[in-house]
2 protein chains.
Amino acid sequence: MPTECSQRRLLLDEVVAKGFRLTSQRRALIQIIQQSRQHVDAATLLKLARKRDPRINRATVYRTLDLLKKLQLVDELDLMHLTGEKHYYEVRPDRQHVHLACCRCGRIVEFSSDTFDRLQSEIAAQTGFEIQVARLEVGGHCSSCAAAAHSATSASEAGKDALKSSVD
Amino acid sequence: MPTECSQRRLLLDEVVAKGFRLTSQRRALIQIIQQSRQHVDAATLLKLARKRDPRINRATVYRTLDLLKKLQLVDELDLMHLTGEKHYYEVRPDRQHVHLACCRCGRIVEFSSDTFDRLQSEIAAQTGFEIQVARLEVGGHCSSCAAAAHSATSASEAGKDALKSSVD
DNA sequence: GCATAAGTTGCGACTTAGTTGCAATTAGAA
DNA sequence: TTCTAATTGCAACTAAGTCGCAACTTATGC
């Protein structure tokens with residue numbers, strides 16, 4: 001999710017600075033990604049962009065996303081594939097964060113910590129790997145769903161039946 | 001990748017223990033996943049399984065993978081989508097590890113550390129999230145490719161052109 | 001401001017990955 | 001051995017993303 005309007009210009013500038021053209025389509029798509037409070041997927045992005053310019057095409061959305069990924073201006077997320085195989089996008093934040101996806105209620109929680117920062121430095125230092133993206137996604141139950149699941153399970157019983165009826 | 005044959009029985013047993021039937025298809029698929037040194041994707045798994053039993057079906061592969069995921073016996077990976085949108089699978093190891101994917105040579109390096117373990121505890125403790133899976137994937141350049149990329153760049157020059165010709 | 005060349009887009013057909021409903025088959029309990 | 005619910009194969013389907021190419025647009029130089 002966008003940190004602030006400080007980035008509003010930046011992404012567009014960055015695209016220009018790297019020598020890419022600033023088309024109305026790119027402008028629109030970038031603005032939509034920045035203004036979105038949620039993580040957006042390609043289909044949603046297309047739908048929103050078409051409200052501004054109905055002629056905008058699906059291929060353009062994918063091509064723009066590819067460009068922004070390459071420029072490392074946006075990050076691609078899977079969010080644990082909770083809702084199919086689509087990808088989600090967010091403006092790359094100053095500080096990397098973890099995405100916690102609740103497979104019961106679908107909520108996405110973001111979490112950042114020094115330990116995560118340190119882990120990345122450690123990886124780079126110990127493996128010589130030059131990190132461009134680090135994506136940590138966690139699946140499980142958020143605190144409220146964990147509580148709900150436990151009380152439900154203690155009554156009914158675990159094992160196959162619990163598994164079969166579970167939402168994940 | 002499989003840690004050892006100690007798991008060979010375990011996965012099958014686990015499936016039975018949870019009350020699921022042990023069909024010849026499941027047996028074959030589980031064995032293939034365990035014996036594989038590489039991370040396998042669904043299509044490869046199907047191909048390998050058909051060498052044993054040519055009648056085995058694609059749907060069965062996906063359904064079996066779903067089952068093993070739900071039982072938390074295998075983990076699903078994206079490996080940074082280096083080669084398309086397919087998923088890869090590995091037997092869940094005793095200790096979670098990070099996957100480092102080199103977007104230049106495609107090599108996958110595994111890395112585990114106390115810091116990663118600690119990060120997970122920290123997430124659980126601070127957010128109340130009940131972790132079922134934690135998937136940390138890192139994209140970038142492995143040590144040898146990083147060296148190669150640097151020497152190439154210093155000669156030619158960075159910016160758009162370098163970006164355009166790069167493999168990521 | 002105007003021409004122009006390279007970058008970008010729209011289109012539409014295509015590929016790849018995964019899903020689904022249903023009839024036929026089979027594992028395993030009785 | 002019988003029987004039933006779980007599992008499979010099949011085939012048609014959906015969803016997500018890609019690609020080649022002609023048409024259009026941006027940014028540059030004049």
Side-chain angles (χ1 to χ4, degrees), chain A residues 12-13 15-30 39-47 49-50 52-71 76-89 159-161 163-165 168, chain B residues 12-13 15-30 39-47 49-50 52-71 74 76-89 159-161 163-165:
Chain A
L12 295 174
D13 290 350
V15 169
V16 174
K18 299 273 180 176
F20 295 93
R21 290 192 180 166
L22 206 41
T23 65
S24 64
Q25 292 90 331
R26 285 179 179 168
R27 224 186 296 267
L29 291 168
I30 288 173
H39 302 105
V40 281
D41 60 280
T44 304
L45 196 50
L46 175 60
K47 212 174 62 187
R50 277 194 166 148
R52 304 191 186 200
D53 177 359
R55 285 178 47 81
I56 201 164
N57 191 270
R58 196 155 45 106
T60 303
V61 172
Y62 284 109
R63 288 191 279 230
T64 301
L65 287 171
D66 281 345
L67 178 65
L68 297 174
K69 273 190 284 178
K70 278 186 190 155
L71 294 177
E76 186 176 62
L77 311 170
D78 295 299
L79 300 182
M80 295 314 275
H81 304 296
L82 252 41
T83 43
E85 300 305 318
K86 59 179 164 251
H87 297 142
Y88 294 88
Y89 301 89
K160 183 179 181 178
D161 303 320
L163 217 183
K164 291 212 156 170
S165 59
D168 48 331
Chain B
L12 295 173
D13 290 351
V15 168
V16 173
K18 298 273 183 177
F20 295 94
R21 291 188 181 169
L22 206 43
T23 63
S24 64
Q25 291 90 334
R26 284 180 181 167
R27 223 185 298 266
L29 292 167
I30 288 173
H39 301 105
V40 282
D41 61 280
T44 305
L45 196 50
L46 175 61
K47 212 174 62 187
R50 278 193 165 148
R52 304 191 185 201
D53 176 1
R55 284 178 48 81
I56 199 163
N57 192 270
R58 194 156 46 108
T60 303
V61 172
Y62 284 111
R63 288 192 279 230
T64 302
L65 286 171
D66 281 344
L67 177 65
L68 297 174
K69 273 190 285 177
K70 278 186 190 157
L71 295 177
V74 305
E76 187 175 63
L77 310 170
D78 295 299
L79 300 182
M80 293 315 274
H81 304 295
L82 250 43
T83 44
E85 300 305 319
K86 60 180 163 249
H87 297 142
Y88 295 88
Y89 301 88
K160 183 179 183 179
D161 303 320
L163 216 182
K164 290 213 157 167
S165 60

Engineer: In whole angstrom, what separates B/Lys70's NZ from D/dT7's P?
Structural biologist: 11 Å
Engineer: Within this structure, what is the CZ-CG distance for the pair B/Arg27 and B/Asp53, rounded to the nearest 0.5 Å?
Structural biologist: 12.0 Å
Engineer: In terms of the nearest nucleotide of DNA chain C, which residue is placed more toward the 5' end: B/Thr83 or B/Arg55?
Structural biologist: B/Thr83
Engineer: Does B/Thr23 have a side-chain nitrogen or oxygen under 4.0 Å from the phosphate oxygens OP1 or OP2 of D/dT8?
Structural biologist: yes
Engineer: Rounded to the nearest 0.5 Å, how far apart are NE2 of A/His87 and CG of A/Asp78?
Structural biologist: 4.5 Å
Engineer: Measure CG/B/Leu45 against C1'/C/dG18 and give the value in whole Å, please.
Structural biologist: 14 Å
Engineer: Both B/Ala42 and B/Ser24 contact DNA chain C. Which one's nearest nucleotide lies toward the 5' end?
Structural biologist: B/Ala42
Engineer: Classify the angle between the aromatic ring planes of B/His81 and A/His81 as parallel (below 30°), tilted (30 to 60°) or perpendicular (above 60°).
Structural biologist: perpendicular
Engineer: I want to confirm an ordering. Mapping A/Gly84 and B/Arg50 to their closest nucleotides on DNA chain D, which one lands closer to the 5' end?
Structural biologist: B/Arg50
Engineer: May I have the distance from B/Lys47 (atom NZ) to C/dA17 (atom P), rounded to whole angstrom?
Structural biologist: 12 Å
Engineer: Measure from the side-chain N and O atoms of B/Arg26 to the backbone N and O of B/Arg21, and report whether any donor-acceptor pair falls under 3.5 Å.
Structural biologist: yes
Engineer: How long is the gap from CG on A/Leu29 to OH on A/Tyr62, to the nearest 0.5 Å?
Structural biologist: 12.0 Å
Engineer: Regarding A/Thr44 and A/Asp41, is there a side-chain donor-to-acceptor distance under 3.5 Å anywhere?
Structural biologist: yes
Engineer: For B/Arg26 and D/dG9, give me the distance from atom CZ to atom P, rounded to whole Å.
Structural biologist: 11 Å
Engineer: Rounded to whole angstrom units, what separation is found between the CG atom of B/Leu46 and the P atom of D/dG9?
Structural biologist: 10 Å
Engineer: Round to a whole Å and report the spacing from CG of A/Asp53 to P of C/dT8.
Structural biologist: 17 Å
Engineer: Rounded to whole Å, how long is the line connecting atom CZ of B/Arg21 with atom P of D/dT8?
Structural biologist: 10 Å
Engineer: Between the two ends of the helix from C/dG1-D/dC30 to C/dA30-D/dT1, what is the bend in degrees, rounded to 10 degrees, where each end axis spans five pairs?
Structural biologist: 40°
Engineer: Check nucleotides 19-24 of chain C against the protein and report each pair of N or O atoms closer than 3.5 Å, with its distance, or say if there are none.
Structural biologist:
none

Engineer: C/dT9 P sits how many Å from A/Ile56 CD1, rounded?
Structural biologist: 8 Å
Engineer: Answer yes or no: does a side-chain N or O of A/His87 lie under 4.0 Å from OP1 or OP2 of D/dG17?
Structural biologist: yes
Engineer: Within the structure shown, what part of the strands sits under 4.0 Å from A/Ala43 by heavy-atom distance: base, sugar-phosphate, or nothing?
Structural biologist: nothing
Engineer: Measure the CG-CG distance between B/Leu22 and B/Asp13 for me, rounded to the nearest 0.5 Å.
Structural biologist: 8.5 Å
Engineer: Take B/Asp66 and B/Lys69 through the salt bridge (charged side-chain N to carboxylate O under 4.0 Å, His left out) test and state the conclusion after the steps.
Structural biologist: CA-CA 5 Å; B/Asp66 281 344; B/Lys69 273 190 285 177; 3.4 Å; yes
Engineer: Ignoring backbone atoms, test whether A/Gln25 places a side-chain nitrogen or oxygen under 4.0 Å from the OP1 or OP2 oxygen of D/dT25.
Structural biologist: no
Engineer: Report the nucleotide, chosen from D/dT26, D/dG9, D/dA27, that has the shortest atom-to-atom distance to any side-chain atom of A/Leu22.
Structural biologist: D/dA27
Engineer: Please determine, by modelled atom types, if B/Tyr89 and B/Glu76 share a side-chain donor-acceptor pair under 3.5 angstrom.
Structural biologist: yes
Engineer: At what distance, to the nearest 0.5 angstrom, does CZ of A/Arg50 lie from CG of A/Asn57?
Structural biologist: 6.5 Å
